[in-house]
Amino acid sequence: MPRPLRKTDYYSGNSPAYLNSYGMQRNSAQPAYMHSMQNCRHNLAYANLNTAAYPEIREKSRKLKPAPRKRAKKKENSFIALFKALFKLTFVLSFFAAFVYYVLPYNFANYFEPMILNRFLNRNINFNAKEFAVPTASYLANSHFMGERLIVPIRHNKAQMVPLAPASRFYSLEDKLTMLSVKYPQIEPAIYVWDYSKSRSVEINANEIYSSASIIKLPVLVELLRYSESLKKAGYKPVEFNKKLQFNEIYRTSGSGSLQYERAGNYYSINHLATIMIQNSDNSATNMLLEQISGMEGLNSAIRKWGLESTQISNWLPDLKGTNTISAKDMATLLYNIDNPKFLNNDSKYLIQQYMSNVKNNTLIHAGLPKEAEFLHKTGDIGTMLGDAGIVYAPNGRKYIVVILTKRKFNDYSARDFIQQASRIIYQSVIENADVY
């Protein structure tokens with residue numbers, strides 16, 4: 001039976017707990033620092049043990065190599081050091097320049113400005129939903145409500161103009177004009193002819209929308225006269241054509257007409273302005289008269305009431321881009337209603353005849369008519385459009401409406417030749433060979 005351990009055994013040097021890792025006995029009576037010193041000596045003794053007794057230690061010691069000594073860095077040449085520093089500086093500056101040139105503008109325009117800067121700068125701007133939803137309301141409207149401009153459907157079930165209702169089509173004349181247009185492939189014509197005597201018509205692209213050029217001045221004149229009539233019917237004083245308006249810089253514009261060269265501050269009568277608007281196609285005079293009928297909004301509102309579908313003014317004169325539009329049938333309908341007593345009274349009709357009978361430009365439809373024929377008309381000419389519209393009065397008392405519009409290459413004079421030849425063919429077919437269908 002084994003003897004139980006005694007208390008003295010725990011402090012005895014024979015106890016296994018008091019043998020160090022090398023099998024050496026430790027005297028428990030020695031202080032702690034003495035034990036640590038003995039351990040250091042034991043470690044040294046372990047390192048110096050006979051390697052013959054420990055072959056594995058001998059093999060490991062052979063493999064051990066002394067730590068390499070650190071070599072002292074050679075001092076670089078000052079020129080090479082300077083070159084390296086300049087190279088690093090050049091690289092950093094190049095990278096920074098590329099970042100500023102390519103990255104910053106893109107981030108500024110696409111992220112910083114719209115997300116941060118614009119919000120800060122425009123923090124006091126109120127969003128107008130109406131301008132966003134209806135951007136044309138600021139310059140195009142046909143009605144007003146509580147000071148707001150609106151575009152509303154036409155409330156008039158019946159148009160104020162009498163529409164053209166031909167009894168038949170003049171097919172033989174249409175074939176001749178179609179054959180003529182084949183000779184001018186660079187021209188896109190639109191033609192409408194109305195023969196009063198037989199209520200027959202010629203329609204070639206008649207409802208197509210074309211740039212109006214100066215032909216839009218004819219609706220301006222008609223609305224000016226109708227506006228004067230409406231004032232008189234309502235019990236107000238009508239427009240006095242002897243009344244003088246002051247010519248200011250705001251009305252001065254380029255293009256046709258000589259009013260643009262006159263001194264600002266001069267006064268001109270409405271009658272004089274209407275005369276040079278039609279006869280000389282004066283753009284400055286047109287803008288002055290257009291303001292008298294409530295501008296583009298007033299004219300567009302009137303055109304819708306008349307019943308014209310393709311006629312619209314979107315720009316003050318001169319409209320070199322061709323945004324103002326008409327159609328051949330619209331202009332023929334307008335000319336046809338000059339004789340409509342419910343649309344224009346006799347005084348207005350007389351003034352229109354006076355203005356339109358002395359148009360200075362006689363190189364289009366008028367050039368294809370005989371000298372004894374009379375022609376009331378208005379021409380239009382911009383780079384991509386050339387046209388003429390009017391009423392022809394023959395010596396035998398017959399008359400017809402003719403509207404010829406052409407789309408052309410910029411300032412292509414072949415359009416003028418086409419209009420002149422088409423005018424000759426139309427006069428011969430309607431007046432000289434009236435019985436030929």
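All heavy atoms count here, side chains included; hydrogens, waters and symmetry mates do not.
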Student: Can we say D381 and R416 salt-bridge, meaning some charged N sits less than 4.0 Å from an Asp/Glu carboxylate O?
Tutor: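 No salt bridge links D381 with R416.
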Student: Below 4.5 Å, heavy atoms only, C-beta onward: do T384 and K409 meet side chain to side chain?
Tutor: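 The answer is no, as the side chains (C-beta and beyond) never meet within the 4.5 Å cut-off.
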Student: Is there side-chain contact between M385 and I215, with heavy atoms separated by less than 4.5 Å?
Tutor: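 The answer is yes, as the side chains (C-beta and beyond) meet within the 4.5 Å cut-off.
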Student: Using a cut-off of 6.0 Å, state whether more than 12 heavy atoms not belonging to Q260 lie near its atom CD.
Tutor: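 Counting neighbours around CD of Q260, more than 12 heavy atoms of other residues, nucleotides or ligands fall under 6.0 Å, so yes.
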Student: Taking side chain as C-beta onward, heavy atoms only, is S168 less than 4.5 Å from S199?
Tutor: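 When only atoms from C-beta onward are counted, S199 and S168 do not touch, as no gap falls below 4.5 Å.
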Student: If we ignore angles and hydrogens, is there a donor and acceptor under 3.5 Å between the side chains of Q312 and S314?
Tutor: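 Present: a donor and an acceptor within the cut-off.
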Student: What pair of heavy atoms forms the shortest contact from Y210 to T406, and how long is it?
Tutor: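 Distance-wise, the nearest heavy atoms are CE2-C, 4.0 Å.
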Student: Which donor-acceptor pairs under 3.5 Å do side chains of residues 184-192 form with protein atoms, sequence neighbours excluded?
Tutor:
| residue | atom | partner | partner atom | Å |
| --- | --- | --- | --- | --- |
| Y184 | OH | Q421 | NE2 | 2.7 |
| Q186 | NE2 | S414 | OG | 3.0 |

Student: How close do D388 and L364 get, counting heavy atoms only, and between which atoms?
Tutor: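 Heavy atoms of D388 and L364 come nearest at OD2-CB, 3.6 Å.
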Student: Which heavy atom of H377 sits nearest a heavy atom of V359, and at what distance?
Tutor: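 Of all heavy-atom pairs spanning H377 and V359, the closest is O-CG2, 3.0 Å.
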Student: Under 3.5 Å, sequence neighbours excluded: what are the donor-acceptor pairs made by side chains of residues 340-347?
Tutor:
| residue | atom | partner | partner atom | Å |
| --- | --- | --- | --- | --- |
| N340 | OD1 | K342 | N | 3.1 |
| N340 | ND2 | N337 | OD1 | 3.1 |
| N345 | OD1 | D347 | N | 3.3 |
| N345 | OD1 | S348 | N | 2.8 |
| N345 | OD1 | S348 | OG | 3.0 |
| N345 | ND2 | E229 | OE2 | 3.3 |

Student: Look at the rings of W194 and Y336 and say which category their plane angle falls in: under 30° parallel, 30 to 60° tilted, over 60° perpendicular.
Tutor: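 Geometry flag for Y336 against W194: perpendicular rings.
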Student: Hey, does the Lys NZ or Arg CZ of K244 hover above the aromatic six-ring of Y268, less than 6.0 Å from the centre and inside 45° of the axis?
Tutor: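 No - K244 does not lie over the ring of Y268 by the 6.0 Å and 45° rule.
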Student: How far apart are the C-alpha atoms of K399 and D195, what are their side-chain angles, what is the distance that settles it, and do they pass the salt bridge (charged side-chain N to carboxylate O under 4.0 Å, His left out) test?
Tutor: CA-CA 7 Å; K399 64 178 181 180; D195 185 2; over 6 Å; no
Student: Please report, to 0.1 Å, the donor-acceptor pairs under 3.5 Å made by any side chain of residues 86-97, with sequence neighbours excluded.
Tutor:
| residue | atom | partner | partner atom | Å |
| --- | --- | --- | --- | --- |
| T90 | OG1 | L86 | O | 2.7 |
| S94 | OG | T90 | O | 2.8 |

Student: State whether the number of non-hydrogen atoms from other residues, nucleotides or ligands found under 6.0 Å of Y227 atom OH is greater than 12.
Tutor: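 No - once you tally the heavy atoms of other residues, nucleotides and ligands closer than 6.0 Å, there are 12 at most.
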Student: Between N283 and Y251, is there a side-chain donor-acceptor contact under 3.5 Å, judged purely by atom types and distance?
Tutor: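 N283 and Y251 do not have a side-chain donor-acceptor pair below 3.5 Å.
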